[in-house]
Amino acid sequence: MFLPLLRLLAPLFFSPKQKRATPPFKVRHLSPLLVRLPFSGWLFPAILLLAVGIDVRPAAAQQAIVVDISGDLNEQQIQNVRSHLSLSRVSDSETPSEAVFNRLYAKARQETAKALEPFGYYSPDITTAQHLENGIRHVEIKVAKELPVMVTEVIIALSGPGERDALLTEAIQRFPVHQGDVLNHQVYENGKDQLITIALENGYHRAAFRNNRVEINKKARSASMRLNLDTGPHYLVGPITFDTDIIDHDLLRRISPVHEGDPFSPKALTRLRQSLFNAGYFKTVDLEYDLDHAAAGKVPIKVLLTPNLPHKYGIGLGYGTDTGARGTLEYTNRYINRFGHQLEMQIQPAQWKGSFGGTYTIPIGDPRKDRIALTGRYETEDFDSTDTRTLNATISHDHFREWGEYSTYVQFLDERYSIGSEATSQKSLMVPGFKGSVFWADDRITTKRGIRFSATVIGSEKNMLANTSFLQSTLRTKAIYSFSDQWRLLGRGEIGATLVNDIYALPPTLRYYAGGDQSVRGYGYKKIGPTDAHGNVLGGKDLLTYSVELERTLFDAWSGAIFYDSGTATNDLSNISLHSGAGAGVRWNGVFGQIRLDVAKALDEGRTWRIHFTIGADL
């Protein structure tokens with residue numbers, strides 16, 4: 001797949017006039033490095049950095065003391081020993097005197113033994129040696145751990161009002177230290193922390209351990225653990241009141257994930273604050289409560305709310321290689337009424353693709369999760385030889401979840417369009433549909449590993465406010481996999497199919513095209529598809545595209561990539577001919593996502609190089 005890409009890029013990398021020189025910095029895996037390049041070979045450094053990586057940092061200062069730790073230790077144990085050694089804390093920029101070195105060296109055996117105790121090794125056999133070589137002190141520490149201390153008894157008792165709490169009893173049964181385990185102090189402390197956390201989450205706000213005892217018999221290599229968790233009083237959420245009249249209190253209670261009678265916990269308070277703040281109605285959310293005023297264990301909570309500004313305005317300028325230069329004007333009215341209705345308006349004039357419209361939203365429960373949206377939009381688009389003017393009105397029921405989102409909707413579409421020298425046509429359709437997406441990612445903005453699936457199904461019936469009948473389904477996916485700190489592999493694909501007697505009875509908005517920033521790079525926006533006798537791209541009934549991209553971190557927030565895209569829009573999937581493009585690009589990673597600048601070339605036509613510029617999150 002990448003062979004055409006390498007053949008394509010090879011003439012850009014080399015020139016007969018290039019000379020070789022030894023660089024004034026370190027190069028890993030490659031030397032010498034080409035440093036004099038003609039302007040036509042500007043892609044070579046990017047690909048070279050992707051292939052080998054360059055370290056331009058100055059050489060580290062020579063170490064005054066080198067400590068070598070060996071023996072039957074794992075990496076965590078070695079790191080803990082090293083962090084305990086006073087010898088390891090000597091700066092590379094200073095050379096200790098003989099007296100200072102001897103004092104630090106004398107403590108090495110004791111510090112090593114202390115570092116191994118948290119892992120259950122209280123009687124290790126430790127030998128040390130040191131010698132001077134070329135002005136550098138070399139210290140060797142050899143460790144034989146011997147037999148560890150074993151846990152012979154674990155007793156955890158509950159006391160207080162929660163001594164019979166089923167959740168706490170279950171948590172004790174899951175305590176990570178058991179009889180017969182090797183004593184590990186960190187696991188023991190983590191287990192205690194987990195018990196306290198579970199107690200707090202279940203309303204035991206004053207839970208604490210009392211009279212804990214861990215007895216270690218070094219000679220017998222045994223440890224006995226006895227813990228007593230005093231739960232303290234059990235607190236529940238009491239009446240929740242809101243100090244605002246700008247939003248209906250019933251709506252605020254539906255937004256809140258916390259209700260009267262729930263366990264009173266720090267986690268519950270945080271969820272309450274975040275949910276109200278994220279609803280977008282309020283500038284600040286503060287909570288007032290007093291455990292000492294709890295009645296029958298119920299703690300009243302007063303929510304102090306500062307309203308946001310009722311009107312929000314936004315302005316922006318941008319550029320996309322698919323849309324051309326564009327501007328954006330936005331207006332939001334946060335408080336249409338007390339029931340949380342909101343209005344958003346947007347004007348986006350653009351060189352080739354502009355729009356004007358608005359959305360009126362009606363919350364159903366939490367407005368961040370469920371809503372009814374009424375949308376009206378007028379869009380203009382000029383691409384290739386096609387000119388469209390589209391008016392659509394949509395009513396949708398939108399659902400937003402942590403794992404994705406989905407909507408059912410009905411759209412009325414009225415489109416006027418012309419292709420090439422043909423007369424202007426008009427199509428009107430009532431289009432019901434479903435769209436949804438699910439995703440998993442460690443971070444949707446800057447993803448190391450993740451995947452997203454999206455699907456859309458739409459259709460119309462000729463006898464129900466439509467010029468024609470059709471059924472169309474589109475599936476999209478994008479996956480990202482990082483196989484090291486510096487390398488990422490990205491893949492995406494899209495497939496679509498339309499059941500219709502005549503695809504050209506549908507307006508261009510409902511046809512498939514390929515080519516552009518998010519499709520097949522190297523081609524212009526919507527430049528791939530069936531054409532008429534004059535070469536005008538008409539669009540097709542079916543779609544297939546895919547992309548493979550390899551990205552490498554260069555330095556700071558910058559990375560480089562090489563990619564291969566392929567796909568087509570067609571009226572016959574049984575006789576498919578894919579169009580391919582390849583190229584390279586640079587990325588700048590910000591808090592909002594990536595700014596991507598790509599240069600690509602169509603591989604199956606004698607086209608010039610094209611620049612593609614996009615901004616956005618990974619998933």
Side-chain angles (χ1 to χ4, degrees), residues 322 352-355 357 375-396 407-435 454-476 494-516 518-520 524-545 567-577 579:
D322 287 351
W352 302 308
K353 186 177 181 179
S355 65
T375 302
R377 189 172 300 278
Y378 178 72
E379 298 177 322
T380 64
E381 186 173 22
D382 299 317
F383 62 92
D384 195 49
S385 54
T386 301
D387 180 12
T388 65
R389 300 292 182 267
T390 306
L391 178 66
N392 67 67
T394 305
I395 178 170
S396 64
S407 301
T408 53
Y409 60 92
V410 176
Q411 178 187 66
F412 176 76
L413 179 70
D414 182 79
E415 185 166 319
R416 297 175 61 86
Y417 61 93
S418 61
I419 300 175
S421 59
E422 294 183 2
T424 299
S425 301
Q426 181 176 3
K427 301 293 183 183
S428 298
L429 302 95
M430 183 70 71
V431 183
F434 169 86
K435 61 181 179 180
S454 301
T456 303
V457 180
I458 59 176
S460 69
E461 171 57 45
K462 186 174 182 179
N463 297 325
M464 297 179 63
L465 302 177
N467 297 117
T468 189
S469 300
F470 79 101
L471 179 64
Q472 186 178 86
S473 178
T474 308
L475 299 175
R476 302 177 182 88
E494 183 175 10
I495 185 170
T498 309
L499 295 177
V500 63
N501 290 330
D502 179 11
I503 186 63
Y504 301 115
L506 296 177
T509 299
L510 299 177
R511 304 175 195 173
Y512 287 119
Y513 300 83
Q518 305 296 331
S519 182
V520 182
Y525 178 59
K526 293 187 176 182
K527 288 288 188 178
I528 300 175
T531 60
D532 62 14
H534 304 288
N536 299 312
V537 181
L538 303 176
K541 61 184 293 188
D542 303 311
L543 176 71
L544 175 64
T545 66
T568 191
T570 180
N571 288 328
D572 185 4
L573 280 176
S574 63
N575 186 23
I576 193 169
S577 177
H579 299 261

Could you tell me whether the side chains of [X] and [Y] share a donor-acceptor contact shorter than 3.5 Å?
{"X": "Glu415", "Y": "Thr390", "value": "yes"}
{"X": "Gln472", "Y": "Thr498", "value": "yes"}
{"X": "Thr570", "Y": "Asp542", "value": "no"}
{"X": "Asp572", "Y": "Ser574", "value": "yes"}
{"X": "Tyr417", "Y": "Glu422", "value": "no"}

**OP:** Could you go through the side-chain contact (heavy atoms from CB on, under 4.5 Å) check for Ile576 and Leu544 one step at a time?
**Re:** CA-CA 9 Å; Ile576 193 169; Leu544 175 64; 3.7 Å; yes
With heavy-atom distances below 4.5 Å as the criterion, would you say the side chains of [X] and [Y] are in contact?
{"X": "Phe470", "Y": "Ile503", "result": "no"}
{"X": "Thr394", "Y": "Val410", "result": "no"}
{"X": "Tyr525", "Y": "Glu381", "result": "yes"}
{"X": "Thr375", "Y": "Ile395", "result": "no"}
{"X": "Val500", "Y": "Leu471", "result": "no"}
{"X": "Glu461", "Y": "Met430", "result": "no"}
{"X": "Ile458", "Y": "Tyr409", "result": "yes"}
{"X": "Leu429", "Y": "Pro507", "result": "yes"}

Set of side-chain contact (heavy atoms from CB on, under 4.5 Å) partners for [X], sequence neighbours left out:
{"X": "Thr531", "result": "Val537"}
{"X": "Ser577", "result": "none"}
{"X": "Gln518", "result": "Thr614"}
{"X": "Ala455", "result": "Leu475"}

Original post:
How about Phe383 and Tyr513: are their ring centres within less than 6.0 Å of each other?
Top reply: yes
Subject >> salt bridge (Lys or Arg N to Asp or Glu O under 4.0 Å) partners of residues 494-511, not counting sequence neighbours, each pair once >> reply: Arg476-Glu494
Original post:
For Tyr512, which residues count as a ring-ring contact (aromatic ring centres under 6.0 Å, His included) partner, sequence neighbours excluded?
Top reply: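 Checked Tyr512 against ring-ring contact (aromatic ring centres under 6.0 Å, His included); zero matches.
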Original post:
Does the pair Arg389 and Glu379 meet the rule for a salt bridge (Lys or Arg N to Asp or Glu O under 4.0 Å), with working shown?
Top reply: CA-CA 6 Å; Arg389 300 292 182 267; Glu379 298 177 322; over 6 Å; no
From [atom1] ([X]) to [atom2] ([Y]), nearest 0.5 Å:
{"X": "Tyr378", "Y": "Ser355", "atom1": "OH", "atom2": "OG", "value": "11.5 Å"}
{"X": "Gln426", "Y": "Asn467", "atom1": "CD", "atom2": "CG", "value": "8.0 Å"}
{"X": "Leu413", "Y": "Ser460", "atom1": "CG", "atom2": "OG", "value": "9.5 Å"}

**OP:** Could you tell me whether Arg416 atom CZ has more than 12 heavy atoms of other residues or ligands within 6.0 Å of it?
**Re:**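 No, the 6.0 Å shell around CZ holds no more than 12 heavy atoms from other groups.
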**OP:** Identify the heavy atoms of Pro530 and Asn571 that sit nearest to each other, and give their distance.
**Re:** CG-ND2, 3.7 Å
Subject >> Nearest heavy-atom neighbours spanning Pro508 and Thr386 >> reply: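 Residues Pro508 and Thr386, closest heavy atoms: CG-CG2, 4.2 Å.
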